[in-house]
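Nothing here was measured: the structure is a model prediction, and the numbers come from that model.
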Amino acid sequence: MSIGIAGFDYRRVTVADGVALNVAVGGVGRPVVLLHGFPQTHLMWRHVAADLAADHTVICPDLRGYGASDKPPAHGEETYAKRTMAADVVALARALGHERFALAGHDRGALVAVRAGLDHPDVVTHLASLDVLPTLDMWDVLHGASAAVAFHLYLMAQPPGLPERMISASADAFFGHFLDAWGTGPSAVPAEVRAEYLRASREAVDSIVADYRASAGIDVAHDRADRDAGRRLAMPVTVIQQDWGAALGYDAAAVWRAWAPDLEHRTTTAGHFMAEEAPAEISAALRALLKR
């Protein structure tokens with residue numbers, strides 16, 4: 001890794017058999033774990049992490065399969081199930097001396113965070129989700145031509161082989177498309193950070209596809225089992241999204257309220273990469289969550 005979060009210490013922490021995560025740690029105080037999205041690494045939190053580190057211990061890992069963390073081959077759906085990735089996060093925090101922690105995730109990291117909140121309610125004290133829906137609901141709201149915005153979900157849901165070959169054949173163009181299309185302008189992701197995202201993604205095509213493939217299979221099954229059992233997020237939850245409900249024709253707050261009784265739901269005019277485009281807004285929202 002060529003660049004990092006200034007002032008943070010870096011280490012590798014073993015979280016499962018044969019799996020170690022690259023993690024940046026900074027600050028002192030109540031622990032907050034920040035999970036990145038696609039096609040990014042922990043660097044997406046660089047501004048928010050520096051702010052929160054003034055009075056919190058801030059833990060920013062690369063998820064398994066991403067960045068400088070280990071990328072085990074997918075021997076089945078469980079390897080990159082959000083349940084497995086959530087267990088990684090709990091093991092990481094415990095290895096760093098934290099039995100309980102607040103958790104915020106963006107995009108893919110938010111799906112991991114939600115699963116951690118459902119699977120480990122006694123561990124996750126507060127939960128923030130940035131710009132996704134829970135996996136089960138995500139598939140339910142995609143219909144017809146409007147679902148084209150999520151073409152990558154359908155591509156990477158295909159059986160192993162074709163998606164990996166197609167993406168690897170033009171990796172920078174594929175991953176760069178999302179960095180261009182999902183932001184509000186180039187200033188949020190400087191050239192050196194963009195280059196790092198592209199390099200990291202280019203070197204992780206198989207594991208990134210496996211992560212997405214799990215979200216079209218085993219992750220849906222886990223969400224459906226929780227919904228059928230009436231399990232919900234017990235901790236205070238903040239959701240920050242672009243106005244996808246208006247764009248795709250659903251009530252986003254209602255979708256989330258079914259999972260999170262103690263919910264604050266808000267929309268933002270920042271683009272998808274909101275922690276980089278509007279870090280002060282996101283930091284303020286996380287600080288407000290931590291006071292609930």
Side-chain angles (χ1 to χ4, degrees), residues 1-5 8 10 12 15 18-24 34-47 49 60-75 77 79-82 84-85 88 105-112 130-132 149-183 185-216 271-277:
M1 186 184 64
S2 57
I3 56 177
I5 301 177
F8 276 52
Y10 279 80
R12 292 185 63 80
V15 295
V19 179
L21 301 186
N22 174 60
V23 57
L34 305 177
L35 304 179
H36 67 85
F38 162 94
Q40 299 157 293
T41 71
H42 74 282
L43 283 174
M44 63 151 285
W45 291 109
R46 60 196 178 278
H47 305 305
C60 299
D62 289 330
L63 296 168
R64 76 157 60 194
Y66 288 81
S69 289
D70 286 344
K71 304 168 183 65
H75 295 301
E77 287 187 299
T79 306
Y80 288 94
K82 302 309 151 297
T84 303
M85 297 169 82
D88 287 348
H106 173 257
D107 190 84
R108 308 305 295 170
L111 301 180
V112 177
L130 275 57
D131 220 31
V132 295
V149 70
F151 78 93
H152 60 301
L153 300 179
Y154 296 91
L155 171 62
M156 290 191 275
Q158 303 310 308
L162 183 62
E164 293 87 344
R165 290 197 300 274
M166 290 178 65
I167 294 168
S168 294
S170 192
D172 282 7
F174 179 78
F175 295 114
H177 164 80
F178 301 102
L179 293 173
D180 294 336
W182 289 351
S187 61
V189 182
E192 67 273 14
V193 175
R194 178 188 173 91
E196 179 64 17
Y197 290 163
L198 292 178
R199 183 202 61 77
S201 297
R202 187 189 315 128
E203 295 176 0
V205 170
D206 287 1
S207 51
I208 290 174
V209 174
D211 166 36
Y212 273 85
R213 185 175 288 121
S215 285
H272 179 66
F273 304 117
M274 56 190 69
E276 295 175 276
E277 297 178 357

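- Side-chain atoms of K71 do not come within 3.5 Å of backbone N or O of D206 as any donor-acceptor pair.
- In this structure, the side chain of S69 engages the main chain of N22 through a donor-acceptor pair within 3.5 Å.
- Nearest heavy atoms, G109 versus L35: O-CD1, 3.5 Å.
- Side-chain N or O atoms of E277 include none that pairs as donor or acceptor with a backbone N or O of A188 at under 3.5 Å.
- H36 and T41 make their closest contact through CB-O, 3.1 Å (heavy atoms, listed as atom of the first residue, atom of the second, distance).
- Aromatic rings of F8 and H42 (six-membered ring for Trp) have centroids beyond the 6.0 Å cut-off, not under it.
- Put simply, the side chain of E164 gets close to the backbone of G161: a donor and an acceptor are under 3.5 Å apart.
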Evaluation steps, side-chain contact (heavy atoms from CB on, under 4.5 Å), between D180 and R194: CA-CA 10 Å; D180 294 336; R194 178 188 173 91; 2.9 Å; yes
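- For the pair S201 (side chain) and L198 (backbone), a donor-acceptor distance under 3.5 Å is absent.
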Pair F174-V205, side-chain contact (heavy atoms from CB on, under 4.5 Å): steps then yes or no: CA-CA 11 Å; F174 179 78; V205 170; over 6 Å; no
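- Between Y212 and H152, the ring planes are perpendicular. Angles over 60° get that label, and only those under 30° would be called parallel.
- Residues S215 and R108 bring a donor and an acceptor atom of their side chains to less than 3.5 Å of each other.
- At least one donor-acceptor pair closer than 3.5 Å links the side chain of R64 to the backbone N or O of T79.
- Side-chain atoms of D107 come within 3.5 Å of backbone N or O of F38 as a donor-acceptor pair.
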Verdict with supporting geometry, V189 and M44, side-chain contact (heavy atoms from CB on, under 4.5 Å): CA-CA 9 Å; V189 182; M44 63 151 285; over 6 Å; no
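- In this pair, W182 and F178 present their aromatic rings tilted. The plane angle is within the 30 to 60° band.
- The backbone N or O of A200 sits nowhere less than 3.5 Å from a side-chain atom of Y66 that would complete a donor-acceptor pair.
- Without hydrogens or angle criteria, H106 side chain to H272 main chain gives a donor-acceptor distance under 3.5 Å.
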